[in-house]
Protein chains: 2
Amino acid sequence: MHSSELLKGTLQTIVLKVLKDHGRMYGYEITQRVKELSDGRILLTEGALYPSLHKLEAEGLVKTEIVNIGKRIRKYYLLTSPGKILAKDRVTEFVDFISTMRSVLQVKMN
Amino acid sequence: MHSSELLKGTLQTIVLKVLKDHGRMYGYEITQRVKELSDGRILLTEGALYPSLHKLEAEGLVKTEIVNIGKRIRKYYLLTSPGKILAKDRVTEFVDFISTMRSVLQVKMN
DNA sequence: TCTTATACATAATTATCTTATGTATTCGTG
DNA sequence: CACGAATACATAAGATAATTATGTATAAGA
């Protein structure tokens, strides 16, 4: 499990990117997908994820579809057009940031 | 200039690593060195740097040497032995984190 | 002389995350 | 079939770390 300090600031980027890659997803599914992709090293907490999703929705970057699965509700999130653009920008920003950090820390990252 | 969100959590790692690479340095010098290494993309703010250095000192990870330059004081920071170990660990942690993020975001970096 | 750079520092505010708590359904297993 | 674990949503309190603002002072350069 990674030190959570470094994870700060990356949550929105992660959420936008997995939504971009997997189409519509619901909250719990996002946590599981990220856990899987990170080989158990990034465990998104609900206390961080849900407020983040709600914020993205309020900003029009994602839209939702509520589906009933038996008696349980499931709230799917999908990127809007601005959301797709932002997803791309955030990933680019992250890649650039890593490039800069590589220079500062003088290490190779592969 | 990078979005500061991503920078969060990396300050201590940066400070420890530049101290490790450059020996004794004073606060202002650290900001300038990081600015130089990052090609102007990472500008450490004093409000973040000084408290961070003081914390490292309180934890015995750096020690200080105060030098008078004319009428001005200059406070040099040097890594202690535990500080050197931590510097190495923090960089390793960062590299591992990037590796994980690469898997999650499914991008190549370099 | 006056602006910019050097050099330290702290305080108030903001943002984001963790931890804790809450509710409820569904699945798996002894 | 009972019960714990997993699924699935959500919010609130508290912690932490950063930004922004402010303060003091010297030195250099135009």
Side-chain angles (χ1 to χ4, degrees), chain A residues 1-16 24-36 38 40-59 62 64-77 90 94 97 101, chain B residues 1-16 18 24-36 40-59 61-62 64-77 90 93-94 97 101:
Chain A
M1 178 61 174
H2 281 297
S3 139
S4 51
E5 278 320 309
L6 294 176
L7 206 55
K8 288 197 180 187
T10 62
L11 176 61
Q12 204 185 56
T13 303
I14 291 171
V15 169
L16 289 168
R24 75 174 200 178
M25 297 181 89
Y26 53 98
Y28 185 76
E29 188 182 12
I30 295 173
T31 66
Q32 297 309 300
R33 184 67 185 141
V34 170
K35 184 178 173 183
E36 194 183 313
S38 69
R41 284 186 274 266
I42 296 179
L43 305 175
L44 301 186
T45 60
E46 296 159 302
L49 178 63
Y50 290 114
S52 177
L53 286 169
H54 298 162
K55 195 185 167 210
L56 287 172
E57 189 181 8
E59 289 167 350
V62 300
T64 58
E65 286 173 9
I66 293 171
V67 175
N68 287 320
I69 305 294
K71 289 180 182 173
R72 187 186 286 167
I73 62 152
R74 189 173 280 177
K75 201 166 166 185
Y76 282 97
Y77 290 87
R90 281 275 192 273
F94 189 79
F97 173 69
M101 284 298 287
Chain B
M1 179 57 176
H2 281 295
S3 139
S4 49
E5 277 320 308
L6 295 176
L7 205 55
K8 289 195 180 188
T10 62
L11 176 60
Q12 205 185 56
T13 303
I14 291 172
V15 169
L16 289 168
V18 297
R24 74 174 204 179
M25 297 180 88
Y26 52 99
Y28 185 76
E29 189 182 12
I30 295 172
T31 66
Q32 296 311 299
R33 183 67 185 143
V34 171
K35 183 178 173 183
E36 194 184 313
R41 284 185 272 267
I42 297 178
L43 306 175
L44 301 186
T45 60
E46 295 158 302
L49 179 62
Y50 290 114
S52 177
L53 286 169
H54 299 162
K55 195 185 166 209
L56 287 172
E57 190 182 8
E59 288 166 350
L61 298 161
V62 301
T64 58
E65 287 173 8
I66 294 172
V67 175
N68 287 320
I69 305 293
K71 288 181 185 174
R72 188 186 288 169
I73 64 150
R74 188 173 281 177
K75 200 166 166 184
Y76 282 97
Y77 291 86
R90 282 276 193 273
E93 180 181 73
F94 189 79
F97 174 70
M101 284 298 288

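Just so it is clear, the values below take in all heavy atoms, side chains as well, and ignore hydrogens, waters and symmetry mates. Chain naming here is simple, since letters A, B, ... match the order of the sequence lines and numbering starts at 1 in each.
- If you measure from atom CE of B:Met25 to atom P of C:dC8, you get 11 Å, rounded to the nearest angstrom.
- Phosphate proximity of D:dC9 to A:Tyr50: present, with a side-chain N or O under 4.0 Å from OP1 or OP2.
- Considering only residues two or more places apart in sequence or on other chains, B:Arg24 meets the salt bridge (charged side-chain N to carboxylate O under 4.0 Å, His left out) condition with B:Glu65.
- Listed nucleotides: D:dA8, D:dA17, C:dC17. Nearest to the side chain of A:Glu5: D:dA17.
- Here D:dC9 presents its C1' atom at 13 Å from CD1 of A:Ile30, a figure rounded to the nearest Å.
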Inset, instruction - Give the B/S/- string for nucleotides 19-29 of chain C, one per nucleotide from 5' to 3', where a protein heavy atom under 4.0 Å of the base yields B, of only the sugar-phosphate yields S, and otherwise -. - result: B-----BS---
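- A straight line from CG of A:Leu44 to C1' of D:dA8 spans 15 Å, rounded to a whole angstrom.
- If you take CZ of B:Arg74 and P of D:dA25, they are 20 Å apart, rounded to a whole angstrom.
- The side chain of A:Lys75 contributes an N or O atom lying less than 4.0 Å from OP1 or OP2 of D:dA10.
- Regarding contacts with the backbone of D:dA8, a side-chain N or O of A:Tyr26 is found under 4.0 angstrom from either OP1 or OP2.
- For the atom pair B:Ile69 CD1 and B:Arg74 CZ, the distance stands at 4.0 Å (nearest 0.5 Å).
- Between the P atom of C:dT18 and the CG atom of A:Leu43 lies a distance of 10 Å, rounded to the nearest Å.
- Rounded to an integer number of Å, the gap from OH of B:Tyr77 to C1' of C:dA7 is 11 Å.
- Closest to the side chain of A:Lys8, out of C:dC17, D:dA8, C:dA9, is C:dC17.
- In terms of phosphate contacts, B:His54 brings a side-chain nitrogen or oxygen within less than 4.0 Å of OP1 or OP2 of C:dT10.
- Rounded to whole Å, the distance from CG on B:Leu49 to C1' on D:dA18 is 12 Å.
- The nearest whole Å value for the distance from the CD1 atom in B:Ile42 to the P atom in D:dT19 is 11 Å.
- Under the rule for a side-chain contact (heavy atoms from CB on, under 4.5 Å), the partners of B:Thr10 that lie at least two apart in sequence or sit in another chain are A:Leu6, A:Phe97, A:Met101, B:Leu7, B:Ile14, B:Phe94.
- For the side chain to side chain donor-acceptor pair (under 3.5 Å) test, no residue two or more places apart in sequence or in another chain qualifies with B:Glu59.
- For A:Arg33, the side chain to side chain donor-acceptor pair (under 3.5 Å) partners at least two apart in sequence or on another chain are A:His22, A:Glu36.
- Using a distance-only test at 3.5 Å, with no hydrogens or angles considered, no donor-acceptor pair links the side chain of A:Gln32 to the main chain of A:Glu29.
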List the atom pairs, with distances to 0.1 Å, where a side-chain N or O of residues 50-58 of chain A and a protein N or O form a donor-acceptor pair under 3.5 Å, not counting sequence neighbours.
residue: A:His54; atom: ND1; partner: A:Tyr50; partner atom: O; Å: 3.3
residue: A:Glu57; atom: OE2; partner: A:Thr64; partner atom: OG1; Å: 3.1

